[in-house]
Amino acid sequence: MNSVDVALKESLEIEGATGVALVDFTSGMTLGKLSNIHNFDLEIAAAGNTEVVRSKIRTMESLGLQDTVEDILITLGRQYHLIRLLSSHTGRGLFLYLVLDKSRANLAMARHRLRTIESRLDM
């Protein structure tokens, strides 16, 4: 298994995780995905969240903020959507997109685990 496959598998093992994708936010393309629910299209969600990432980056540039985005959290009624931008040199322009069942997830632990997985991801 390559590093991406391992990262996706480990991400889906996070308590409450229902889906995960690795996404290129410059193109909106999904580079890999895993899910254990069938009625949720990760490719459509990933493409939509590409716009969220692009918008945040544009806003930061407009404000002149000299900082980086670590992650973006979207809270829905039953789900958390966690977007983790990759910070490695080879991962620039990519993000991990994790969907969590809100009733089963521990958000702090999920963020911690995703940060650890991202740090080991070798692109």
- Query: For the side chain of S55 and the backbone of V52, is there at least one donor-acceptor N/O pair under 3.5 Å apart?
  - Reply: no
- Message: Restricting to side-chain hydrogen bond (donor to acceptor under 3.5 Å, both in side chains), what partner residues turn up for R113, sequence neighbours left out?
- Response: none
- Task: Starting at CG of N106, measure out to NE2 of H112 and round the result to the nearest 0.5 Å.
- Result: 11.0 Å
- Query: Rounded to the nearest 0.5 Å, what separation is found between the CD atom of Q79 and the CZ atom of F40?
  - Reply: 5.5 Å
- Note on the structure: Rounded to the nearest 0.5 Å, the CD atom of E118 sits from the CD atom of E10 at a distance of 13.0 Å
- Message: Same cluster or not: M29 versus V53, using hydrophobic residues (I, L, V, M, F, W, Y) connected whenever any side-chain heavy atoms lie under 4.5 Å apart?
- Response: no
- Item | Worked verdict on L76 versus H81 for side-chain contact (heavy atoms from CB on, under 4.5 Å) | CA-CA 8 Å; L76 304 178; H81 291 218; 3.3 Å; yes
- Item | Point-to-point distance, once rounded to the nearest 0.5 Å, from CZ of F95 to CG of L31 | 9.5 Å
- Kindly indicate, with the supporting measurements, whether the criterion side-chain contact (heavy atoms from CB on, under 4.5 Å) is fulfilled by I37 and D101. CA-CA 11 Å; I37 53 174; D101 178 326; over 6 Å; no
- Query: Within a reach of under 6.0 Å around CZ of R104, are more than 12 heavy atoms found that belong to other residues, nucleotides or ligands?
  - Reply: yes
- Item | Residues, nucleotides or ligands: over 12 heavy atoms within 6.0 Å of K102 NZ | yes
- Note on the structure: Heavy-atom nearest pair, L100 first then L98, reads CD2-CD2, 3.9 Å
- Message: Testing I83, T50, L82 one by one against Y97 for a side-chain contact (heavy atoms from CB on, under 4.5 Å), which residue passes?
- Response: I83
Using residues 13-23 as the side-chain source, report each donor-acceptor pair under 3.5 Å to any protein atom, sequence neighbours left out, with the distance given to one decimal.
{"unit_1": "E13", "atom_1": "OE2", "unit_2": "K9", "atom_2": "NZ", "d": "2.8"}
{"unit_1": "T18", "atom_1": "OG1", "unit_2": "V99", "atom_2": "O", "d": "3.4"}

- Note on the structure: Separation between CG (L8) and CG (L96), nearest 0.5 Å, reads 7.0 Å
- Task: Kindly compute the distance separating CZ (R115) from OG (S87), expressed to the nearest 0.5 Å.
- Result: 10.5 Å
- Message: Regarding R54 and E51, does a basic nitrogen lie under 4.0 Å from an acidic carboxylate oxygen?
- Response: yes
- Message: Just so I know, are the side chains of D71 and L114 near enough to count as touching, which here means a heavy-atom distance under 4.5 Å?
- Response: no
- Message: My understanding is that only residues two or more places apart in sequence, or in another chain, count here; which of them pass side chain to side chain contact (heavy atoms under 4.5 Å, CB included) with L65?
- Response: M60, L63
- Message: Quick check: do I72 and N49 have side-chain heavy atoms less than 4.5 Å from each other?
- Response: no
